[in-house]
2 protein chains.
Amino acid sequence: MARPRTPILSQDRIVTAALELIDETGTLTLPLLARRLGVSMSSIYHHVANRAEIVEGIRELLSRDFPRPDPSLSWQDEVRRWMRAYRRIMVAHPHLIVEFSINPVTNETTLRAYEDLAEVLESAGFALETILEAITALDSFVCGSALELTALEQMWASYADRDLALGRAQRAAPWAAHSPEAAFELGLTGLILALERL
Amino acid sequence: MARPRTPILSQDRIVTAALELIDETGTLTLPLLARRLGVSMSSIYHHVANRAEIVEGIRELLSRDFPRPDPSLSWQDEVRRWMRAYRRIMVAHPHLIVEFSINPVTNETTLRAYEDLAEVLESAGFALETILEAITALDSFVCGSALELTALEQMWASYADRDLALGRAQRAAPWAAHSPEAAFELGLTGLILALERL
DNA sequence: ACCTGAACACCGTTCAAGT
DNA sequence: ACCTGAACACCGTTCAAGT
């Protein structure tokens, strides 16, 4: 076939297909991606430098769903909105958190989302030295929560039939093991309390 | 060589070497592990079922460093002790967090550590339904903090020379970007505050 | 029981060859 | 510029063959 009159591939097409693939199958591999695109594996390298660039493209795409700051909101509400948006994104694509945490952020859209959060805290009067601390803590918690989505529920399962505190807790609240939402809100509340004390 | 008079390998030897390997190189692969053990790759499979079992062996090994509950401590101090121990373990072996989060926990030692924490909360009077929530939030935060160790500092670097809030924050506190310890303590304080309100 | 080498089905990446 | 097929250096896993 060689070069087609109109290009089959593009960065966008590749990134979109990669996102679908990882959402459906849980993994992102070049052979499967090429198959889905109806193209040879090596063709992909004419549009992206490597696999990491595809992952970064997905991160860029998803980062567009972060809300922009709203001056009418308190910083607490801004933080809650930012964190819940982050979580919503990762819940929709749970297998991506590991991919994201392996490569550093380089795209502007994602960096902009962090920058927005920093500006919210800055204009709320937080001391500059505490802003990095605060963002690190918030980011740690939301990333960790996303990580748990795929991991922790399997652990609860191994406790269900044992007479231990965890087993009792689970029998008392069978929904809790599958409702990490409540745990997220608990932690978010705590983090904001800690920030208010600064 | 075939079968040696006295076995060269054992689960312990394999797991120990695997831990050294991942600490030194950042990755765990069977070929490199075999080389380090001075053995053929397929020999390993006579002692462990697969790669995941090696990772689980490492988790078991490290989990022995969790403190046992101390009845003389308040539940707050118990939680702090447990979280800091967890963090200390992961800081010493930052590349393992991704490995751990991929496979479910199956070994007794690690399960015991979670069970201990559950019992601390139970005898502190926490409602059973809230125990899973609390442990999930705590675990999320400490895992996320470990994940950041390798990831976030690279991101701060890309901000150092820009006139943005994050850049300003970093220039005001250059140490903060490399001291996730403070962020961890901030979040831990917040989580305990949230638990106290339950 | 325990080690080996060869084989298998993967993976990501490169590159000369085509249009 | 853009697609292909072949090649390369990896990876984890299996298995018959040796003692």
By salt bridge (charged side-chain N to carboxylate O under 4.0 Å, His left out) - contacts of A:Glu53 (at least two apart) | none
B:Arg51 side-chain proximity, nearest of D:dG12, C:dC3, D:dC2 | D:dG12
Output every pair passing side chain to side chain donor-acceptor pair (under 3.5 Å) with a member in residues 91-104 of chain B, not counting sequence neighbours, ordered by first then second residue.
-> B:Asp23-B:His93, B:Arg51-B:Glu99
Stems with DNA chain D, 3 or more Watson-Crick or G-U pairs in a row (under 3.5 Å), are C:4-8 with D:12-16, C:12-16 with D:4-8
Stretch residues 37-50 of chain B: residues that reach within less than 4.0 Å of DNA chain D through a heavy atom | B:Met41, B:Ser42, B:Tyr45, B:Asn50
Going by chain and number, the hydrophobic cluster around B:Leu193 (ILVMFWY, side chain to side chain under 4.5 Å) further includes A:Leu193
Across all chains, not counting sequence neighbours, the salt bridge (charged side-chain N to carboxylate O under 4.0 Å, His left out) partners of A:Glu20 are A:Arg36
B:Val98 vs B:Ile102 side-chain heavy atoms within contact, under 4.5 Å | yes
Can you tell me how far P of D:dG12 sits from CD of B:Glu53, to the nearest Å?
-> 15 Å
Protein-nucleotide distance (B:Ile14, atom CD1; C:dC2, atom C1'), rounded to Å = 11 Å
Which of residues 19-35 of chain B have a heavy atom under 4.0 Å from DNA chain D?
-> B:Leu28, B:Thr29, B:Leu30, B:Pro31
According to the side chain to side chain donor-acceptor pair (under 3.5 Å) rule, which pairs have a member within residues 187-198 of chain A, sequence neighbours left out?
-> A:Gln76-A:Glu196
Enumerate the residue pairs fulfilling ring pair (Phe, Tyr, Trp, His ring centres under 6.0 Å) with a member in residues 46-67 of chain B, sequence neighbours excluded, ordered by first and then second residue.
-> B:Phe66-B:Trp82, B:Phe66-B:Tyr86
Partner set under side-chain contact (heavy atoms from CB on, under 4.5 Å) for A:Pro69, not counting sequence neighbours = A:Glu78, A:Asp116, A:Val120
Set of residues satisfying salt bridge (charged side-chain N to carboxylate O under 4.0 Å, His left out) with respect to B:Glu115, sequence neighbours excluded = none
With sequence neighbours left out, the residues meeting salt bridge (charged side-chain N to carboxylate O under 4.0 Å, His left out) with B:Arg59 are B:Glu56
Taking only the side-chain heavy atoms of A:Ile8 (C-beta and beyond), determine which of D:dC3, C:dT13, C:dC2 contains the nearest atom.
-> D:dC3
